[in-house]
Asker: 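Before anything else, here's the structure in question.
Computed from a predicted model, the values in this text were never measured in an experiment. Throughout, residue positions are numbered sequentially from 1 according to the sequence presented.
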Amino acid sequence: MSKIYSMLFVCIALSGCGVGDRDHEATSPDGTMSFRTSTTEGTLLVVTIFDQNGTILHEENTRASRVHRWSVDWVSDSKIMIKTSDIGSLALIRGDDGRWSRVNPLR
């Protein structure tokens with residue numbers, strides 16, 4: 001019986017609690033932009049937003065660890081929601097002037 005518990009523990013430990021080291025890419029609902037996640041400064045999650053030509057519109061170091069559970073996705077053409085288990089939720093919002101800014105989605 002203890003062998004089963006040991007194997008279960010090893011499986012859980014190896015699976016971790018994060019998304020893993022894979023970068024995530026997604027296109028905006030209207031197809032005019034995309035974002036890509038990456039890692040910088042060790043294991044910190046970075047979200048980079050691009051236009052259709054691949055020009056960087058915004059880059060945000062979320063300060064969230066990729067070791068923990070996280071998700072990033074478009075909510076609308078002007079909002080990206082970032083949810084993390086270590087620093088909570090945040091959003092990237094595109095203003096009327098086209099500039100992106102980080103906001104607390106609960107405000």
Side-chain angles (χ1 to χ4, degrees):
M1 186 65 127
S2 71
K3 225 178 203 186
I4 293 172
Y5 287 124
S6 296
M7 290 300 291
L8 181 61
F9 176 76
V10 169
C11 289
I12 291 170
L14 289 177
S15 67
C17 45
V19 169
D21 59 359
R22 293 172 295 218
D23 290 331
H24 178 64
E25 294 184 38
T27 303
S28 63
D30 69 0
T32 62
M33 295 170 285
S34 63
F35 73 76
R36 181 180 319 131
T37 62
S38 60
T39 302
T40 189
E41 299 178 21
T43 61
L44 299 180
L45 177 66
V46 174
V47 178
T48 307
I49 304 168
F50 301 90
D51 67 11
Q52 290 174 312
N53 300 320
T55 303
I56 295 175
L57 301 175
H58 183 77
E59 185 170 81
E60 185 72 35
N61 184 337
T62 65
R63 308 310 256 172
S65 172
R66 286 184 58 145
V67 174
H68 297 276
R69 184 169 295 283
W70 58 271
S71 67
V72 182
D73 212 350
W74 291 94
V75 176
S76 68
D77 293 323
S78 59
K79 184 176 184 179
I80 297 172
M81 181 64 71
I82 303 164
K83 298 177 183 177
T84 72
S85 65
D86 62 340
I87 66 166
S89 297
L90 62 111
L92 298 176
I93 305 280
R94 185 178 60 189
D96 293 335
D97 60 359
R99 298 168 78 187
W100 289 84
S101 59
R102 177 180 179 152
V103 298
N104 180 341
L106 302 178
R107 289 187 187 186

Asker: Specify the closest pair of heavy atoms between H68 and S85, including all atoms of both residues, with the distance to one decimal.
Answerer: CB-OG, 3.1 Å

Asker: Linking I/L/V/M/F/W/Y whenever any side-chain heavy atoms sit under 4.5 Å apart, do L57 and L92 land together?
Answerer: yes

Asker: Can you sort out the partners of D30 under side chain to side chain donor-acceptor pair (under 3.5 Å), two or more places apart, ordered by chain and number?
Answerer: S28, T32

Asker: Any salt bridge (charged side-chain N to carboxylate O under 4.0 Å, His left out) pairs touching residues 48-60, not counting sequence neighbours?
Answerer: E60-R102

Asker: To the nearest 0.5 Å, tell me how far T55 OG1 sits from M33 CE.
Answerer: 13.0 Å

Asker: Between I87 and I82, is there shared hydrophobic-cluster membership here, with clusters defined by ILVMFWY side-chain heavy atoms closer than 4.5 Å?
Answerer: yes

Asker: Please, which pairs that meet salt bridge (charged side-chain N to carboxylate O under 4.0 Å, His left out) have at least one residue in residues 85-101, sequence neighbours excluded?
Answerer: none

Asker: Hey, mind stepping through T62 and W70 against side-chain contact (heavy atoms from CB on, under 4.5 Å) and telling me if it holds?
Answerer: CA-CA 11 Å; T62 65; W70 58 271; over 6 Å; no

Asker: Is I93 isolated, or which residues cluster with it under the ILVMFWY side-chain rule of less than 4.5 Å, directly or via members?
Answerer: V103

Asker: So, F35 versus H58, ring centres under 6.0 angstrom or not?
Answerer: no

Asker: With sequence neighbours left out, what residues match S34 under side chain to side chain donor-acceptor pair (under 3.5 Å)?
Answerer: none

Asker: Just by modelled atom types, is the A26 backbone N or O under 3.5 Å from a matching donor or acceptor in the W74 side chain?
Answerer: yes

Asker: Got a second to check how far S65's OG is from L45's CG, nearest 0.5 Å?
Answerer: 9.0 Å

